[in-house]
Amino acid sequence: MATTDRGWVKPIDVSALPNRFEPEEAEPRWRAHWDELGIHRYDPSRPREETFVVDTPPPTASGSLHVGHVFSYTHQDLIVRYQRMRGRNIFYPMGWDDNGLPTERRVQNVFNVRSDPYMPFDPDLAVDRVDPKTKPRDLPRPTVISRRNFIDLCHIVTAEDEVAFKGLWEMLGLSVDWNEEYATIDHRSRAMAQRSFLDLYEKGHIYQVEAPTMWDVDFATAVAQAEVEDRERDGAFHDIEFATEEGGSFVISTTRPELLAACVGIAAHPDDERYKGLFGKLAISPIYRVPVPIFPTELADPEKGTGVLMVCTFGDQTDVQWWREEGLALRQVLGRDGLIVDRRYGDEGWESNDPELANVNYAEIVGKRVNQARRIVVEQLRDPANSAMAGGDAPLQGEPRPIKHAVRFFEKGDSPLEYLTSRQWFVRLMDKKDELIRMGRQIKWHPAHMGKRYENWTENLQLDWAISRQRYFGVQFPVWYRLDDQGNPIYESLIVATPEMLPMDPMSDTAPGFAESQRGQPGGFAGEPDVFDTWFTSSLTPQIGARWGEDGDKMDRLFPMDVRPQAHDIIRTWAFYTIAKSLLHHGDVPWRNVVLSGWILDPDRKKMSKSRGNVVTPTGMLEEYGADAVRYWAGSARLGADTAFDEQVFKVGKRLVTKIYNAGKFVLSQEGPEGEITNELDRAFIAELAVLVDRTTRAFDEFEYSRALEETETFFWSAFTDNYLELVKRRSRSEEDPEGRASAIATLRTGLNVLMRLFAPFVPTITDEVWSWAFAGETGHRSIHVADWPSSAEFATVPAPADAGSFALACDAITAVRKAKTDEGLGMGRPLTSLALSGTAEDLSALARVINDVRDSANASDIGVTEGDAGGERFAARIEAEVQAAD
RNA sequence: GGGCGGUUAGCUCAGUUGGUUAGAGCACCUGCCUUACAAGCAGGGGGUCGCAGGUUCGAGUCCUGCACCGCCCA
């Protein structure tokens, strides 16, 4: 026979395999093997069009590993593993975002230290870790250490975090190229951030200005619009009587009476009849008796409070606007530490009709925090002596009226933000909104509606990007200032570093043209002490990966990148700033696609968070269920969809792994003649497999891996194992039908081979395990992860079935038999002495092509068909079972 | 207040351009230790698709309004 002289398909030795698949044994073994084969390595010699580039998010090295990390990083890896099987040269780096406030905070807590930038470096400093069980109030006063010592400690804790993260990524089986590892505080990233600064500075996108800026008093640093969030807080309207210069009075409402000393104007709506007559005149404040201008503004809401309000420097963003537009005085009473600063009424800019009264009152709040000052001022307002005009009543009208209102906070802070004037660096973006939106539209967002969030944010942008921070563990500005004869910096006369100096620190590197001895001396130089906003560096992940401007610059091979995976809560920061940087540096988009993972919610549909104590540890999860099962869970969630944490799904994943293991063992232990796929049922099965391959490939190309998984899983479980395997079990061992047997075995192996590859991105360990038993040797691909992604072209040599519906017909027939057996309480393997199927003449005649497999899987000695009603189903079965011998 | 998303079985979710009787897994009930798999197999019950209108021969799907949940922004 033509089919038999080609050879014999040899079975694998099932007895050599463990009964159960043990992920804890197999996963480390496979990870080591992948490493050995180097299959995750990027090949810089291959051209751009063969390369798939990922702009991997560098996780914040915060010490806490979260199931959300596992979820979203798996999503990237699914896409990457698919692309690798498509033959793409993968660039998949990993960075650690260790620079910035979270690290500073951890260092402060772990070692109970604070940094003082002016303290000298102590090379022998040794500080101990605080016992984490110590209650905060039992801690001694923090040890004050130098900035350099502090940074050393930062490196110690982040190194530990990075080890923990790397361990998690490896356990999860991320196919990252570990040769492409970096940290946002390492030399390369610092040089890149400074290079970015120099380029933006040269192109005129960067400026420095003394201006009101949002300020966090606890961290004592400026913050950017993107880092701000509103929180609902209790507050109270205080109705306070002001006088007019003509002897009249009016009442304003304010939630911030403690800023009365910072009052520089009074405003009301231009159409407000009550106050129309006052515009252009002066008002007199109570307590301090300071004359301030009254002006009209469209921004005042006549319905709010009394319709007239006081403008302070600065209570909020509109105060800043009025201060600019109206050219008001600057009276800042709040210091950078959040305490009321000392001022003297009667001095220039602090004119008062009664300086003596003003100074007595003001002295009571100097050095106080905002809340203390508020209580004191409210008491002062109850005193008629503090009326705006001598002889008046108590300025406070009635009692404060409690309200709930939104207050702005730094997202990492605990005190409301203040607006303080300070010298800060900015990147000019307000004039580039249109271009930024255009960039956003050139990028494909997955899911698409996430692009709207980007546009929304960009359209509503109100401030340029404040990039300077008054912190320690960050990348320094590559800038010095010349000092004047008094030793004060001349901000207009800055010295910028040259590219070959990078990375550099202006606080320890000497400015070109000066000697280090001139640091801080009159006529000498001084370094810029600020550091960059961490986003200034992390918005450069594409450039860091591609080594922009360095030796070995690979921008032409890697940029724009293919995909940026990220979470949707940082569209306004990470995605936005990366697009902005890419626009300003290269005039191009940073990537073609953004894929956004959802969040993991706890079963109450709240975002899982550490503070709620509902966090499941990812390592525990991986140990209990295995990486494949955990990846299955992540893979079953659509992009962008927030997903409730459901442990059941891990169990389903684990079950799938077991099923793959057993199905693999079964298929590969079948032996028989080697031959072509000729049988009608087999051909029909292959035709359906080809459809599956096309559909999953399309889904993956659209980043819809969850659809690919769902379809593959359904096909595997129902078409392959439940039906096809059962239908051909007998034929694949038949002695009488070598051609049919060869066809069955070839089909079984083709089915398994293809399904393993379709599953490989999701469950990389079990699929490679099964692959290794036979297919690795047959194909020469030593790992399934570098095997070719299936294509329907692989089946081109298999003839199309006579009837595309043959496989479905056989499945329906066997289902009818099973139903009959179940109805009679018989086991599925129970032999039948007679089996009769009824259905339409058309179905029955089509069924004839595959009826032998149906008969065999029913374990019937004979099968008959009769035209007739099948009770709403395609077929109905009448059976007679063999009488079983009593035991 | 503006923008975006969601609401489908007890739970977690699919449902492609409108088209037979709305699907899956888990859970539940019944039967079966069947020569790959009891971590299995077979069968079954369970849904007014958030509410109210509209378009259409036909709506889970399109349109309008409303409610609730979530996120972003002000």
Side-chain angles (χ1 to χ4, degrees), chain A residues 11-12 14 17 19-21 225-226 228-230 301 316-318 406 408 445 447-462 567-573 596 598-599 601 603-607 625-626 629 632-633 636-638 640-670 695 698-699 702 704 706-707 709-711 713-714 717-718 720-723 725-726 729-730 732-733 748 752 770 814-831 857-859 872-873:
Chain A
I12 56 166
V14 177
L17 296 170
N19 272 336
R20 288 180 178 179
F21 179 66
Q225 189 184 342
V228 173
E229 63 186 28
D230 284 357
D301 179 0
D316 60 24
Q317 186 68 45
T318 24
R408 295 190 135 186
W445 301 75
H449 67 83
M450 293 294 182
K452 289 245 169 61
R453 294 203 187 178
Y454 168 82
E455 280 196 33
N456 210 261
W457 169 257
T458 308
E459 278 162 9
N460 292 322
L461 201 64
Q462 296 190 353
H568 55 71
D569 54 335
I570 52 172
I571 290 174
R572 64 177 177 159
T573 47
L596 296 122
W599 276 331
L601 309 176
D604 303 334
R605 305 214 59 86
K606 295 281 185 321
K607 190 187 173 190
Y625 298 101
Y632 169 88
W633 161 74
S636 61
R638 230 160 73 245
D642 293 347
T643 305
F645 183 80
D646 182 3
E647 220 159 328
Q648 289 297 345
V649 185
F650 297 110
K651 295 189 179 146
V652 176
K654 200 168 174 174
R655 210 170 59 112
L656 173 67
V657 170
T658 303
K659 189 77 173 179
I660 289 174
Y661 185 70
N662 287 318
K665 282 206 283 194
F666 172 78
V667 169
L668 295 176
S669 61
Q670 302 307 307
R695 293 174 62 95
R698 255 200 318 275
E702 289 157 17
E704 294 188 17
S706 63
R707 218 174 69 208
L709 174 59
E710 196 195 349
E711 296 207 13
E713 193 188 2
T714 302
W717 214 282
S718 120
F720 192 57
T721 65
D722 289 350
N723 286 315
L725 249 58
E726 297 300 333
K729 232 175 211 176
R730 188 75 67 91
S732 68
R733 293 162 183 162
L748 282 169
L752 182 71
V770 172
I814 195 67
T815 297
V817 175
R818 285 166 175 161
K819 191 162 162 47
K821 285 189 173 179
T822 297
D823 286 348
E824 300 196 16
L826 304 174
M828 289 302 121
R830 187 72 170 269
S857 68
N859 201 9
E873 304 295 327

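Atom set for the values below is all heavy atoms of this structure, side chains included, hydrogens, waters and symmetry mates excluded. In the text below, chain A, chain B and the rest are named by the order of the sequence lines, each starting its count at 1.
- In this structure, Lys659(A) atom NZ and G25(B) atom P are separated by 13 Å, rounded to whole Å.
- Under 4.0 angstrom from either OP1 or OP2 of U35(B) there lies no side-chain N or O belonging to Lys729(A).
- Considering only side-chain N and O atoms, Arg20(A) lies under 4.0 angstrom from the phosphate OP1 or OP2 of A39(B).
- G25(B) is paired with C11(B) under the criterion used here, namely a Watson-Crick or G-U wobble arrangement in which both key atom distances are under 3.5 Å.
- Between Arg830(A) and C32(B) there is no side-chain N or O to OP1 or OP2 distance below 4.0 Å.
- Partner assigned to U20(B) is none, using Watson-Crick or G-U wobble distances below 3.5 angstrom.
- Interface remark: the Lys452(A) side chain does not form any donor-acceptor pair with the C4(B) base, using a distance-only criterion of under 3.5 Å.
- One N or O on the side chain of Gln670(A) and one on the backbone of Phe666(A) form a donor-acceptor pair closer than 3.5 Å.
- A sub-4.0 Å separation between OP1 or OP2 of U35(B) and a side-chain N or O of Arg733(A) is absent.
- Taking 4.0 Å as the cut-off between side-chain N and carboxylate O, Glu710(A) and Arg707(A) do not count as a salt-bridged pair.
- Across the interface with RNA chain B, nearest-nucleotide mapping of Ala406(A) and Lys819(A) shows Lys819(A) to be the residue nearer the 5′ end.
- For the pair His568(A) NE2 and C71(B) P, the computed distance is 10 Å after rounding to whole Å.
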